[in-house]
Amino acid sequence: MKLLLLTIASAFALNTYSQAPTIQWQNLIVGNNVDAVNKTIQSTDGNFYSVGSTLSTAGNLSNYQGGWDSWISKIDVNGNFVWKKPIGGSNTDYLTDIIQTNDGNYLASGTSYSSDGDLLSIPYSTTPKNIWLIKFNDTGILWEQRYGGSGDGGFSTNSHLIEATNGDLHVFANTVSNDGDIINSHSNGMNENDIVYFKLSSNGTILSQKNYGGSDDDNFYSASLTSDGGIAILGRSRSTDFDVSQHLASSGNYDTWIFKIDNALNIVWDKSFLTSSYLGTTCIKELSNGKIMFSSTISNNFVDATLNLLSANGNLIWQKNYGGSYIDRIDDFIEINPNRILCSGYTYSNDGDVTNNTLGDGIWLVDVDSLGVINNQNMYGGSMPESGAKLTKTIDNQFVLSGGTSSIDHDVVNPYTWNCFCEEAWIFKLNMNTVGIQENQLTNTFSIYPNPTREFFKMQLPPDVKPQFIEVYGIQGQMVMRQTTRLVGDSLEINVSELNAGIYMVRVLAGNKVYVARLLKQ
């Protein structure tokens with residue numbers, strides 16, 4: 001009987017890296033107290049702009065003004081500071097996001113309670129609104145404005161900016177106010193946060209505003225434009241009413257809350273998921289296939305990082321947990337291509353999914369495939385704690401990470417005399433070219449037969465491939481089989497008779513390569 005060979009045209013060799021992506025350059029904001037970096041972007045001219053906050057009265061930032069100061073820095077393509085300066089006044093001022101606008105300038109968002117210094121033109125004492133936007137370029141401040149109401153809910157460590165192609169601005173933050181710029185609060189004066197959205201003109205004029213949430217506490221974390229003109233929003237919620245259609249956690253605890261709004265600001269759908277109340281949710285983005293991915297944390301006697309893939313209408317496709325027996329978190333991720341997601345965060349574990357952690361706790365770079373399966377991972381940092389890192393994809397297809405470090409050894413090079421062994425802002429660029437992470441490369445196809453199958457299948461691999469393991473995954477990303485290889489002649493034979501009928505992904509691990517094929521089980 002003739003065997004039908006099905007060549008799997010979609011089989012890719014995933015060139016996972018056998019050594020860590022190397023640090024190409026690095027720099028720090030350091031001082032005698034805490035210094036944090038919250039966001040880094042690359043401008044169209046290749047330079048890097050970062051925003052953060054500082055409590056340091058001495059260090060490589062000058063002109064500290066009091067309380068929490070914000071800071072903005074410019075770094076050239078070689079990692080050298082062009083300039084860096086505090087922004088704020090004598091009270092708390094905190095910048096959390098930055099974008100380059102269509103006109104080539106820059107816009108940053110955060111929180112401000114100051115009435116002096118750089119806030120003298122919009123003093124909090126006479127304009128008690130805490131949500132702070134500042135537009136600037138290399139020559140100075142172009143304009144700044146406050147938004148919100150008289151409550152203290154403008155404080156948001158997760159404010160977020162998105163610019164539309166027409167120059168309009170989407171701004172997200174938190175508020176407990178029900179006056180000033182804020183209307184229709186859900187908390188009824190109970191001092192609980194709503195997620196607040198502003199649509200602004202390019203010069204900062206309010207075009208529309210809306211609150212989202214319920215009568216309990218609701219917090220904003222991240223947002224992403226969707227290809228149909230809507231916005232997917234990630235937050236957390238303790239509410240059980242108004243915009244929140246479902247609450248899963250016990251009373252007084254938070255759910256991860258995700259909802260999508262259309263261009264008329266109406267909620268299209270909302271979903272709730274269990275989360276860790278300790279570390280919460282982090283990032284949401286629409287992928288190139290129109291599906292929505294978000295990162296979060298979940299408690300299982302310890303805190304695991306999670307990636308979650310949703311359909312365009314918010315239905316869960318798969319959820320994958322990552323980590324070990326301590327604290328693990330994904331702070332950011334970037335889709336490299338439809339089959340690869342690069343994630344960044346931090347881990348304190350050295351077991352479970354976390355391998356080769358010689359640092360104890362460090363910045364964790366995790367490369368996963370389209371099913372959420374880890375291809376590879378690496379750690380960065382030193383002998384003291386590191387904190388979460390955000391990713392920036394560069395013009396030359398490399399990556400810059402922005403996180404925190406208390407170390408002065410191993411990967412961390414600190415040329416400055418100040419170090420309080422507390423968190424310092426650490427910005428570093430990775431060289432990914434030599435380790436094959438950038439794009440999947442199509443290599444020798446392999447044959448799988450019979451396909452479809454009821455009992456077993458065989459796989460014909462190139463003669464130079466030395467496979468160690470075979471893994472089979474369901475369509476929702478769950479591993480259903482893992483075994484060492486068994487050669488039958490020059491083929492690999494796998495018994496799948498006990499699997500339910502359906503579509504599966506087969507992975508063959510061979511050294512530093514991973515071969516992937518699709519299997520139909522009858």
Side-chain angles (χ1 to χ4, degrees), residues 14 16 221-222 234-237 246 248-250 253-258 271-285 287 291-311 314-335 339-357 361-379 386-391 469 471-482 504-505 507 509 514 516:
L14 307 182
T16 57
Y221 280 90
S222 180
L234 174 67
R236 68 174 186 173
S237 175
Q246 183 183 30
L248 303 176
S250 58
N253 291 313
Y254 290 97
D255 282 348
T256 292
W257 184 43
I258 299 175
K271 304 287 182 178
S272 296
F273 301 89
L274 290 172
T275 188
S276 163
S277 60
Y278 176 56
L279 291 175
T281 58
T282 52
C283 181
I284 190 168
K285 292 178 183 178
L287 304 182
K291 296 174 182 177
I292 295 170
M293 180 171 282
F294 73 93
S295 54
S296 183
T297 55
I298 194 166
S299 297
N300 293 311
N301 298 320
F302 42 82
V303 179
D304 268 355
T306 72
L307 277 181
N308 307 264
L309 185 67
L310 308 180
S311 66
N315 295 320
L316 182 66
I317 299 173
W318 55 252
Q319 179 189 78
K320 298 286 286 187
N321 297 349
Y322 307 94
S325 57
Y326 202 19
I327 297 172
D328 314 283
R329 171 167 156 146
I330 292 173
D331 288 283
D332 198 5
F333 59 85
I334 289 179
E335 181 183 22
N339 298 301
R340 302 292 289 280
I341 305 291
L342 186 64
C343 309
S344 63
Y346 63 92
T347 180
Y348 295 169
S349 299
N350 194 22
D351 54 7
D353 298 315
V354 184
T355 60
N356 301 318
N357 183 357
D361 42 24
I363 289 175
W364 193 28
L365 191 69
V366 187
D367 168 33
V368 304
D369 66 15
S370 59
L371 294 176
V373 179
I374 294 177
N375 288 320
N376 220 312
Q377 59 183 290
N378 286 105
M379 301 279 294
E386 276 72 42
S387 58
K390 300 290 184 69
L391 281 166
F469 296 97
E471 300 172 343
V472 181
Y473 293 85
I475 59 172
Q476 294 190 6
Q478 75 279 17
M479 184 188 295
V480 297
M481 178 186 296
R482 177 181 169 93
Y504 295 88
M505 186 71 71
R507 290 172 26 114
L509 283 70
V514 180
V516 180

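The chain is numbered in sequence order, starting from 1. Hydrogens, waters and symmetry mates play no part in the numbers below; they use all other heavy atoms, side chains included. What you are looking at is a predicted structure, and each value in this text was computed from that prediction instead of being measured.
When the side-chain contact (heavy atoms from CB on, under 4.5 Å) test is applied to Asn321, the partners found at least two apart in sequence or on another chain are Ile298, Asn300, Asp304, Thr306, Gln319. Under the side-chain hydrogen bond (donor to acceptor under 3.5 Å, both in side chains) criterion, Ser237 pairs with Asp218, not counting sequence neighbours. Taking the salt bridge (charged side-chain N to carboxylate O under 4.0 Å, His left out) definition, one finds that Asp332 meets it with Lys285, sequence neighbours left out. For Ser387, the side-chain hydrogen bond (donor to acceptor under 3.5 Å, both in side chains) test picks out Glu423, with sequence neighbours left out. With sequence neighbours left out, the ring-ring contact (aromatic ring centres under 6.0 Å, His included) criterion links Trp257 to Phe259. In this structure, the side-chain contact (heavy atoms from CB on, under 4.5 Å) partners of Leu274, at least two apart in sequence or on a different chain, are Leu248, Ala249, Asp255. Residues forming a ring-ring contact (aromatic ring centres under 6.0 Å, His included) with Phe333 (at least two apart in sequence, or on another chain): none. The side-chain contact (heavy atoms from CB on, under 4.5 Å) test applied to Ser311 returns Asn313, Asn315, Ile317, not counting sequence neighbours. Judged as a side-chain contact (heavy atoms from CB on, under 4.5 Å), and not counting sequence neighbours, the contacts of Tyr326 are Tyr348, Ser349.
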Please assess Phe273 against Leu310 for the test side chain to side chain contact (heavy atoms under 4.5 Å, CB included), listing each intermediate value before the final yes or no. CA-CA 12 Å; Phe273 301 89; Leu310 308 180; 3.7 Å; yes
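Checked by atom type and distance alone, the side chain of Ser222 pairs as donor or acceptor with a backbone atom of Ile284 at under 3.5 Å. Here the side chain of Asp369 pairs no donor or acceptor atom with the backbone of Asn339 at under 3.5 angstrom. Judged purely by atom type and a 3.5 angstrom limit, Thr256 has no side-chain atom pairing as donor or acceptor with the backbone of Thr275. Side chain of Tyr322 to main chain of Gly372: a donor-acceptor pair is present (N/O by atom type, distance under 3.5 Å, no hydrogens or angles).
Residues Asp367 and Arg340 are in side-chain contact: their nearest non-hydrogen atoms beyond the backbone lie under 4.5 Å apart. Under the 4.5 Å side-chain criterion, counting only non-hydrogen atoms from C-beta, Asn308 is not in contact with Ile258. In this structure, Leu307 and Cys343 have side chains that are in contact, with non-hydrogen atoms separated by less than 4.5 Å. Thr347 has its side chain out of reach of Ile327: every pair of non-hydrogen atoms, C-beta onward, lies at least 4.5 Å apart. No side-chain heavy atom of Asp351 sits under 4.5 Å from any side-chain heavy atom of Asn357. Counting only heavy atoms from C-beta outward, the side chains of Thr355 and Gln377 approach each other to under 4.5 Å.
Across all their heavy atoms, Leu309 and Met293 have their closest contact at CD1-CE, 4.1 Å. Closest approach of Asp328 and Gly323 over heavy atoms only: OD2-CA, 3.3 Å. When every heavy atom of Met379 is checked against every heavy atom of Trp364, the shortest pair comes out as SD-CD1, 3.6 Å. Nearest heavy-atom pair, Ser344 versus Leu365, reported as atom, atom and distance to 0.1 Å: CB-CD1, 4.3 Å. Across all non-hydrogen atoms, the minimal contact from Gly345 to Asp331 is CA-OD2, 3.4 Å.
By the 6.0 Å and 45° rule, Arg329 does not stack over the aromatic ring of Tyr346.
Lys390 contributes atom NZ, which lies 8.5 Å from atom OG1 of Thr282 (distance to the nearest 0.5 angstrom). Note that the NZ atom of Lys320 and the CG atom of Asp353 stand 8.0 Å from one another [nearest 0.5 Å]. Rounding to the nearest 0.5 Å places CG of Leu342 at 7.0 Å from CD1 of Ile334.
Taking the six-membered ring for Trp and the full ring otherwise, Phe294 and Tyr221 have centroids separated by 6.0 Å or more.
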